[in-house]
Amino acid sequence: MDNNLVVYNTLTRKKELFEPLNPPFVGMYVCGPTVYSDVHLGNCRTFVSFDLIYRYLLHSGYKVRYVRNITDAGHLEGDRDEGDDKFSKKARLEQLEPMEIVQRYTIGFHDVMQLFNTLPPGIEPTATGHIAEQIEMVKEIIKNGYAYESNGTVYFDVEKYSKEYNYTALTNRNIEELLANTRDLGGQGDKKGRLDFALWIKAKPEHIMRWPSPWSWGFPGWHIECSAMSSKYLGETFDIHGGGMDLAATHHTNEIAQSQACHHTHPARYWLHTNMLTVNGTRMSKSAGNGFLPGELFTGNHPLLTRGYSPMTVRFFMLQAHYRSTLDFSNEALEASEKGFRRLMNAIGLLDKLKASEKSDVDIRALKQRCYDAMNDDFNSPVAIAELFEAARMINSINDGKASISADDLEALKSLMNDFIFNILGLREESSPTDDLGQLVEFIINLRLEARANKDYATSDRIRNGLQELGIQLKDSKDGTTWSRI
Ligand SMILES: [Zn+2]
């Protein structure tokens, strides 16, 4: 086991040596999706980043219990206990049961995660499956004096908590400023303090998802589920807590407060956060109209995309940026990643054809060390990938007879490439324009072009629709026709 791993801890704002509480065991909790709509690409980046982290910890010999929850209740439209719950609203709009919404989007989320080749977590608990644990935790927080009930709703008393603990420890904000910037919510008069947040919410008559509790028929606040489920499966203190950077200021800050108020201990030793996505330099968001869904990215069905990109191209593209850096989507960058991914796959294909020589004039040991040094430096995948490109150049030179490699070095190079490309970066071979399927699809595309040239649009449409049914999407542009798997 490698114990040179250094991780950036949001809590201490510095890189620290990673020392698990009970090696070789590692407990890792990552905040999962809220399943009321298709999973957002920003979330996908977070889960691909933690998949890289999970894979590298496993590769390093740790036995990791990876817990990633599904939020299927309690997440209100405003993150500060305002508005409707997202499931009930969507259910009303689509005339479905809230649990039908949950089921539909949970399946959709798993499908996308599989396309990205992420390993499933060891436990994927749901908020609705852990109502009893959440109620017990709320009771304990009330008993310890950090929460109060008001008309059937229970609030966390941030002011009381702040007297003994540093409420804003995770983001290092000034609590006075925070107070000044927090709106005094009209109609939320049950709260004592402006920063107080709900642990349990009394259901309005029209609210469908509701459970009995000592305080009211209602539902849990959003933050309590992660505290209840992480402590249930990983213990009161565990090693890694992860999520998107946007969760740090409220959700994770409140998780820490709840755990301290309940167990008198900090829940996680290392807090890891992934950065956001931008598109052509501006922040990706639904309202700005530049937020595409994974499916749109794969098929190219979005005004900002000139064509579709395969899931492995997108995964590779994501890993070419460090998880704490912003990641900018552009057609040029995706195209460059597609070429880079193919270059690595071609190198892998050449490896088996290489002939060993008596002597090596390549230094595999140093290359391997540089790859591990990169990953041990806070999972620096872009640097590791740059080293793999160096390896690909080496493989091409050997193949061209411009360099030589010994049998031992060749074995070491094969295992290095396999370990990094498939096990750690989690890439996998895909069909491409150069393989059998690719050649067949190109052949069919040319038939369709001929049909169109003859103004036989019925045949052209039949070909397009037939391929679509087989999971192959065609996209026409001024440069010709491209295809991608759906
Ligand atoms: Zn969470």
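Keep in mind that what you see is a predicted model, and the values were worked out from it rather than measured. Whatever order the structure lists ligands and atoms in, that order sets their numbers, starting from 1.
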J.: Sort by chain and number the protein N/O/S atoms that are closer than 2.8 Å to the Zn ion (ligand 1), and list them.
T.: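 Checking every protein N, O and S atom gives Cys31 SG, Cys226 SG, His251 NE2.
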
J.: Does Arg307 come within less than 4.0 Å of Glu338, counting only side-chain N to carboxylate O?
T.: yes

J.: By salt bridge (charged side-chain N to carboxylate O under 4.0 Å, His left out), which residues pair with Lys63, not counting sequence neighbours?
T.: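 Salt bridge (charged side-chain N to carboxylate O under 4.0 Å, His left out) check on Lys63 returns nothing, list empty.
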
J.: Would you say the ring centroid of Tyr233 lies under 6.0 angstrom from that of Tyr29?
T.: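 That pair fails the under 6.0 Å test.
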
J.: Ring centres under 6.0 Å, that's the criterion: do Phe116 and Phe298 meet it?
T.: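 Yes, ring centres under 6.0 Å apart.
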
J.: Do any side-chain atoms of residues 105-115 form donor-acceptor pairs under 3.5 angstrom with protein atoms, and if so which ones, sequence neighbours left out?
T.:
from: Thr106; atom 1: OG1; to: Val102; atom 2: O; distance (Å): 2.6
from: His110; atom 1: NE2; to: Glu124; atom 2: OE1; distance (Å): 2.6
from: His110; atom 1: NE2; to: Glu124; atom 2: OE2; distance (Å): 3.3

J.: With sequence neighbours left out, what residues match Glu149 under salt bridge (charged side-chain N to carboxylate O under 4.0 Å, His left out)?
T.: none

